[in-house]
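Inspection log for the structure reproduced underneath, given as structure tokens.
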Protein chains: 2
Amino acid sequence: MNVHFIPAMPRLAPQSRADRRTQILDAAKTCFVRFGFHNASMQQICAAAGMSAGNLYRYFPSKDALIEGICERDLGGAAEGFAEARRASDVLDVLEKMLVGYLWRRPREDLCMWTEISAEAARNEAVNRINRHIYDFIIKSVADVLAQGIANGSVRKGIDTHRQATLLQAFFDGVMLRRAVMPEFDPRPAIRTMMAQVRGSLGPVAKKKSKPK
Amino acid sequence: MNVHFIPAMPRLAPQSRADRRTQILDAAKTCFVRFGFHNASMQQICAAAGMSAGNLYRYFPSKDALIEGICERDLGGAAEGFAEARRASDVLDVLEKMLVGYLWRRPREDLCMWTEISAEAARNEAVNRINRHIYDFIIKSVADVLAQGIANGSVRKGIDTHRQATLLQAFFDGVMLRRAVMPEFDPRPAIRTMMAQVRGSLGPVAKKKSKPK
DNA sequence: ACAAAATGAATGAACGTTCATTTTATACCG
DNA sequence: CGGTATAAAATGAACGTTCATTCATTTTGT
């Protein structure tokens, strides 16, 4: 029995492990959207992933871990978007485009998923941490974009970028929730109106009402 | 055994039935907030209501019915608030006060509850109907209040009241969700900033930038 | 005497997770 | 090349709970 020792063989098909994980996350996302986080059973997710329960648990230690996985993946995508936005010449324009991109062009399932996660975050410690992480990232990114706008003249000086980011974030969440609940809701008019108002108060100075120093 | 017949006695302590129902709804609300809709067990709700399971089912036929009951009750409360708002002289002021009232002064548990219901509405037919009913009512009420503002001069003419209502509603939902998830979040600065921007675009005409006809 | 009100143990289904087992793929040796 | 050893990959039945709902029975109020 005793064979030499540690011949070792850390075999594992090079990228196969990552592939399996995305395959599982895709299946989980589908199930969570369709049935909700609590009503989706692991067996359903296993079936959707074309895989046995025992094997799935080799890649994710629990149902909660699946949410974590999904969030991390989506967050990565958002990071790219913001990186582009910071390079734009009119940042309010690009913020509006991003809103439309996430709230309208994205498949509605994603919005349902995020809504689900937000609700879950109100009482699930682990999910709450993830949600805060995402929130902090978005607020920071939007504030950065606005600061960039101030630097390049597309946004008025002296505004509180953090507070404005909070505002836009709340609007985003509200529309997300609405569209998750009402598939027929078209968020584009609301987005256009919202950004028009934001431009009114953030846009480059309209030269008016200056207290002479 | 055969006693006369139908001596009948539709006894039931006059208001007792309604009392029991509110008692149950209060208990259910507490549990839903603390554990979430799916994780709250009927046995917990029964215990909180000080009542056996069998008896509870005499008043509500299912767990879903409890959600319906809670929604209907809260909707009644909101109706009163809007009725007052319509009588105000500065409607934007009163809308801001209502936002603070619902998003800050109200116990956070209510916000958690509504968030829970919204998420559930994304996939539960019955809850979705209720949610739409509430949404329609709020949009209509806010639009009415704005129309009243136009009538009494506190809101600029020519705006699209329905679209503005949609905007405010989305903002409301977003803040609700944020506060449900982050107990320490203080929504008042965001509300103040939001309403300042709304005033900028809806307030009585600031006499400026008029294209001479 | 009687029915409404209330009880709470029982029921049966469903769930997340585990584990003893089998399959698959590769590395090593002759 | 072929055979064997090895461990990773994968299986799926089983486990122990938990839960919404029911119902035979008792209590209460008139």
Side-chain angles (χ1 to χ4, degrees), chain A residues 1-25 27-28 31-32 34-70 120 124 126-127, chain B residues 1-25 27-28 31-32 34-70 120 124 126-127:
Chain A
M1 292 247 165
N2 190 349
V3 277
H4 303 265
F5 46 157
I6 26 166
M9 213 238 282
R11 274 306 69 211
L12 108 155
Q15 78 211 109
S16 171
R17 196 164 172 86
D19 285 352
R20 283 265 175 284
R21 282 180 62 100
T22 65
Q23 174 186 354
I24 292 169
L25 289 184
C31 291
F32 289 162
R34 184 133 43 208
F35 310 110
F37 179 62
H38 286 285
N39 278 18
S41 77
M42 284 307 250
Q43 338 247 358
Q44 284 171 328
I45 296 170
C46 293
M51 178 181 305
S52 70
N55 201 32
L56 188 150
Y57 272 85
R58 291 193 349 108
Y59 296 94
F60 292 94
S62 70
K63 206 179 179 183
D64 277 352
L66 292 175
I67 290 204
E68 279 184 61
I70 291 172
E120 181 71 12
N124 180 326
V127 177
Chain B
M1 294 248 163
N2 189 347
V3 278
H4 302 264
F5 46 160
I6 28 163
M9 214 236 282
R11 270 311 68 212
L12 108 153
Q15 78 211 109
S16 172
R17 194 163 174 88
D19 284 352
R20 283 264 175 285
R21 282 179 63 99
T22 67
Q23 174 185 354
I24 291 169
L25 289 183
C31 292
F32 288 163
R34 184 130 45 206
F35 310 110
F37 178 63
H38 288 286
N39 279 16
S41 76
M42 284 307 253
Q43 339 245 358
Q44 284 170 329
I45 296 170
C46 293
M51 180 183 301
S52 69
N55 201 32
L56 189 149
Y57 271 84
R58 289 191 355 105
Y59 296 94
F60 292 94
S62 72
K63 208 179 177 184
D64 277 350
L66 292 175
I67 290 204
E68 282 184 59
I70 291 171
E120 182 72 11
N124 180 325
V127 177

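Labels below follow one simple rule: chain letters A, B, ... track the order of the sequence lines, proteins then strands, and each chain is numbered from 1.
- Across every non-hydrogen atom of A:Lys63 and A:His38, the tightest pair is NZ-O, 3.6 Å.
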Can you pull every protein N or O that's under 3.5 Å from an N or O on nucleotides 18-25 of chain D?
residue : atom : partner : partner atom : Å
D:dA20  : OP1  : B:Ala40 : O            : 3.1
D:dA20  : OP1  : B:Lys63 : NZ           : 2.5
D:dA20  : OP2  : B:Met42 : N            : 2.5
D:dA20  : N7   : B:Gln43 : NE2          : 3.2
D:dT21  : OP2  : B:Tyr57 : OH           : 2.4
D:dT21  : OP2  : B:Lys63 : N            : 3.2
D:dT21  : O5'  : B:Tyr57 : OH           : 3.2

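- The two residues B:Ile45 and B:Ala27 make their nearest non-hydrogen contact at O-CB, 3.8 Å.
- To the nearest angstrom, C1' of C:dA6 lies 12 Å from CG of B:Leu56.
- Applying the 4.0 Å criterion to OP1 and OP2 of C:dA6, one finds that B:Arg20 has a side-chain N or O inside that range.
- Between A:Ile24 atom CD1 and D:dT11 atom P there is a gap of 11 Å when expressed in whole angstrom units.
- Distance check: B:Asp19 CG to B:Arg17 CZ gives 12.0 Å after rounding to the nearest 0.5 Å.
- Residue B:Arg58 has no polar side-chain atom (N or O) positioned under 4.0 Å from OP1 or OP2 of C:dT7.
- The interatomic distance linking B:Asp19 (CG) with C:dA4 (P) rounds to 19 Å, in whole Å.
- Looking at heavy-atom distances under 4.0 Å, A:Tyr59 makes contact with sugar-phosphate atoms alone, never a base.
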Listed pairs under 3.5 Å, donor-acceptor, residues 53-62 of chain A side chains, sequence neighbours left out:
residue : atom : partner : partner atom : Å
A:Asn55 : OD1  : A:Arg58 : NE           : 3.3
A:Ser62 : OG   : A:Asp64 : N            : 3.4
A:Ser62 : OG   : A:Ala65 : N            : 3.3

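- Of all heavy-atom pairs between B:Val127 and B:Ile67, the closest is CG2-CG2, 4.0 Å.
- With sequence neighbours left out, A:Glu68 forms a side-chain hydrogen bond (donor to acceptor under 3.5 Å, both in side chains) with no residue at all.
- A:Met51 has its CE atom 15 Å from the C1' atom of C:dT23, to the nearest Å.
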